[in-house]
Amino acid sequence: MAPTTQIDLFQGWPATAMLPVERLKQATNNALSNKAIFTEGFAYGPDEGYSPLRKNIAKWLSQSYAPAQPISAEQICITGGASQNLACVLQVFTDPAQTEIIWIVEPTYHLVFQVFEDAGFSGRMRGIPEDGGGMDVGALELALDEYERSRNSDCQDGQEKTYKPHRPDDDVSLEARGTHQSRAKAQCSCRR
């Protein structure tokens, strides 16, 4: 049997043989030879990304996928890659004080763990297997049920553990009362 060639998927980038080196070289020379392009190109630029690129991506997405409403450039944000984009989403839309568990598809993008840890979610990630349609919803339901049962195990006689949203003044009021309870204990109670 002939030896098989291994494909290293760990790096997370394409094989150099797939890169259009000559086209990239030509594009670089063109950009660095045009003052109008390189002056703006060496600046930080807008936070959401280069406007002509965002417009072209919006146009391409609208033509390729034909959504009910065309995609506008305002809906497009250019990032440095998947890790940076995930970090931005976590920074804007999550709060480690509120999130108990992160459910992620298993296997997953290997760099995702450090991004979640940097965002304050260390030790909270749990894997859910995939099926033909993506994340296995049945496995997720079972995992959620199991988590809820374990979370409520501190309560007795049919009580259910409840949590209130974190408010910054909760920490101040605990300190003012001289209590050294953890935030989690201060914010959960059991109810019937």
Side-chain angles (χ1 to χ4, degrees), residues 9-13 44 46-49 54 57-58 61 65 67-69 71-192:
L9 299 177
F10 184 75
Q11 294 178 0
W13 57 74
Y44 283 112
D47 289 343
E48 59 278 0
R54 292 172 49 237
I57 290 173
L61 288 170
Y65 295 98
Q69 298 292 322
I71 296 168
S72 71
E74 289 74 32
Q75 294 173 285
I76 305 296
C77 181
I78 307 299
T79 68
S83 295
Q84 182 190 13
N85 197 33
L86 178 58
C88 290
V89 167
L90 291 174
Q91 184 178 24
V92 173
F93 296 109
T94 65
D95 180 356
Q98 294 293 317
T99 304
E100 296 177 37
I101 298 292
I102 305 288
W103 303 100
I104 57 177
V105 69
E106 183 179 54
T108 195
Y109 172 54
H110 71 282
L111 296 176
V112 78
F113 302 108
Q114 189 63 51
V115 176
F116 275 107
E117 287 179 9
D118 290 345
F121 299 107
S122 182
R124 301 185 208 179
M125 291 166 275
R126 304 291 186 273
I128 300 295
E130 284 186 288
D131 59 17
M135 185 179 276
D136 183 338
V137 176
L140 177 61
E141 287 175 342
L142 289 173
L144 286 168
D145 287 344
E146 182 180 325
Y147 177 72
E148 286 295 318
R149 281 192 302 278
S150 70
R151 192 179 85 160
N152 289 326
S153 66
D154 294 340
C155 296
Q156 301 166 2
D157 300 326
Q159 294 176 325
E160 180 182 324
K161 192 178 285 186
T162 60
Y163 293 84
K164 68 176 185 175
H166 172 70
R167 295 181 309 211
D169 60 323
D170 285 344
D171 297 331
V172 175
S173 63
L174 286 175
E175 289 171 17
R177 289 188 299 225
T179 334
H180 297 290
Q181 296 175 344
S182 71
R183 178 181 291 166
K185 287 186 180 177
Q187 292 187 319
C188 77
S189 61
C190 295
R191 70 170 183 193
R192 289 194 186 274

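Because the structure is predicted, anything quoted here is derived from the model rather than measured.
Distance CG/Leu144 to CH2/Trp103: 5.0 Å, rounded to 0.5 Å. Note that OG1 of Thr108 and CZ of Phe116 are 8.0 Å apart. Values are rounded to the nearest 0.5 Å. Here the CZ atom belonging to Phe121 is positioned 7.0 Å from the CG atom belonging to Asp95, to the nearest 0.5 angstrom.
A salt bridge does not link Arg149 to Glu146: none of the charged nitrogens lies less than 4.0 Å from a carboxylate oxygen.
Residue pairs that meet the side-chain hydrogen bond (donor to acceptor under 3.5 Å, both in side chains) test with at least one member in residues 79-94, sequence neighbours left out, are Ser83-Tyr109. Among pairs with a residue in residues 118-139, those fulfilling side-chain hydrogen bond (donor to acceptor under 3.5 Å, both in side chains) read Gln114-Asp118, at least two apart in sequence or across chains.
Every side-chain contact (heavy atoms from CB on, under 4.5 Å) that Ile78 has, sequence neighbours left out, goes to Leu53, Arg54, Ile57, Ile76. Partners of Glu141 according to the side-chain contact (heavy atoms from CB on, under 4.5 Å) rule, which considers only residues two or more places apart in sequence or in another chain, are Val137. Contacts of Ala87 classified as side-chain contact (heavy atoms from CB on, under 4.5 Å), with partners at least two apart in sequence or in another chain: Val115. For Glu74, the side chain to side chain donor-acceptor pair (under 3.5 Å) criterion is met by Ser72, not counting sequence neighbours.
No more than 12 heavy-atom neighbours from other residues, nucleotides or ligands sit within 6.0 angstrom of CG on Asp47.
Using a 4.5 Å heavy-atom cutoff, the side chains of Ile104 and Phe113 are in contact.
What you find for Pro96 and Gly120 is that their closest heavy atoms are CB-O, 3.6 Å.
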Legend entry - Check against side-chain contact (heavy atoms from CB on, under 4.5 Å), Glu106 and Met135: CA-CA 8 Å; Glu106 183 179 54; Met135 185 179 276; over 6 Å; no
Inset, instruction - Given side-chain contact (heavy atoms from CB on, under 4.5 Å), test Val112 with Leu86 step by step and report yes or no. - result: CA-CA 8 Å; Val112 78; Leu86 178 58; 3.2 Å; yes
